Amino acid sequence: DALRRARNLRYQYTTDSTGRITFEPFFTFDLKDRYRGQQIDITIYLPVGKSVYLSPEMSHYLYDLKNVSDTWDNDMLGHTWKMTAQGLSCPDFPKEDDR
């Protein structure tokens with residue numbers, strides 16, 4: 001039953017020509033499935049050399065973002081992070097080794 005309900009969840013996101021991904025703040029499901037504490041976890045794999053801007057509106061959606069400076073998730077908001085071979089890096093935050 002749980003697997004069937006999970007397959008019936010509908011979640012939308014959009015992309016544009018610049019590579020920007022916009023995630024919807026909600027998901028929907030059939031009324032027959034009723035609300036049972038469903039949640040969606042999204043994992044994004046960012047290629048080395050690519051960057052991501054973490055907007056302040058994402059504060060409720062981020063959990064345990066790995067980064068080279070060991071910066072807390074909420075402190076990462078409002079900054080652009082670049083994926084390196086070692087992990088997410090931001091010039092605004094020194095590497096943990098450099099402190």
Side-chain angles (χ1 to χ4, degrees):
D1 246 6
L3 183 57
R4 179 191 56 75
R5 281 193 296 277
R7 287 183 177 142
N8 287 336
L9 287 174
R10 291 180 297 279
Y11 182 74
Q12 304 253 339
Y13 65 92
T14 58
T15 60
D16 66 20
S17 61
T18 67
R20 178 182 179 158
I21 303 172
T22 303
F23 297 94
E24 293 294 323
F26 56 87
F27 59 89
T28 60
F29 50 86
D30 291 334
L31 286 177
K32 68 180 180 191
D33 290 331
R34 299 183 299 180
Y35 182 71
R36 296 181 181 196
Q38 295 97 323
Q39 69 181 35
I40 293 177
D41 292 328
I42 299 171
T43 302
I44 300 171
Y45 296 96
L46 193 64
V48 171
K50 297 294 183 177
S51 296
V52 60
Y53 174 75
L54 301 175
S55 68
E57 293 83 19
M58 298 176 75
S59 66
H60 297 292
Y61 304 104
L62 301 179
Y63 178 75
D64 198 24
L65 294 176
K66 307 289 188 244
N67 60 83
V68 298
S69 57
D70 200 27
T71 303
W72 289 22
D73 294 352
N74 281 347
D75 292 340
M76 295 175 71
L77 301 173
H79 297 274
T80 298
W81 292 79
K82 185 173 185 175
M83 181 56 75
T84 68
Q86 294 77 37
L88 286 173
S89 178
C90 179
D92 299 333
F93 300 93
K95 278 185 170 181
E96 194 172 49
D97 297 343
D98 297 340
R99 292 186 211 165

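Just so it is clear, the model here is predicted, and its values are computed rather than measured. Residue numbers count from 1 along this sequence.
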message: Do Asn67 and Met76 have side chains that approach each other closer than 4.5 Å (heavy atoms only, starting at C-beta)?
response: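 They are in contact (side-chain heavy atoms under 4.5 Å apart), so the answer is yes.
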message: Do Val52 and Leu54 make a side-chain contact, defined as non-hydrogen atoms from C-beta onward lying under 4.5 Å apart?
response: yes
message: I'd like to know if Val48 and Leu65 are part of one continuous hydrophobic network [Ile/Leu/Val/Met/Phe/Trp/Tyr, side-chain heavy atoms within less than 4.5 Å].
response: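 They do share one cluster, since a chain of ILVMFWY contacts under 4.5 Å joins Leu65 to Val48.
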field: Hydrophobic cluster membership, Leu46 vs Tyr53, 4.5 Å side-chain cutoff
entry: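 In one cluster: no.
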message: Listing request: all ring pair (Phe, Tyr, Trp, His ring centres under 6.0 Å) pairs with a residue in residues 58-80, at least two apart in sequence or in separate chains.
response: His79-Phe93
If you measure from [atom1] on [X] to [atom2] on [Y], what distance do you get to the nearest 0.5 Å?
X	Y	atom1	atom2	value
Ile42	Tyr11	CD1	OH	3.5 Å
Asp73	Lys66	CG	NZ	8.5 Å
Asp75	Ser59	CG	OG	11.5 Å

Please find the pair of heavy atoms, one from [X] and one from [Y], that lie closest to each other, and give the distance.
X	Y	result
Pro47	Met83	O-CB, 3.4 Å
Lys82	Gly49	CE-O, 3.5 Å
Pro56	Leu77	O-CD1, 3.9 Å

- prompt: Short question: side chain of Asn8, backbone of Phe29 - any donor-acceptor pair under 3.5 Å?
  reply: no
- prompt: Who pairs with Asp30 by salt bridge (charged side-chain N to carboxylate O under 4.0 Å, His left out), at least two apart in sequence or on another chain?
  reply: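 Scan of Asp30 (salt bridge (charged side-chain N to carboxylate O under 4.0 Å, His left out), adjacent residues dropped) gives Arg10.
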Would you be so kind as to tabulate the donor-acceptor pairs closer than 3.5 Å made by side chains of residues 19-26, with sequence neighbours excluded?
none

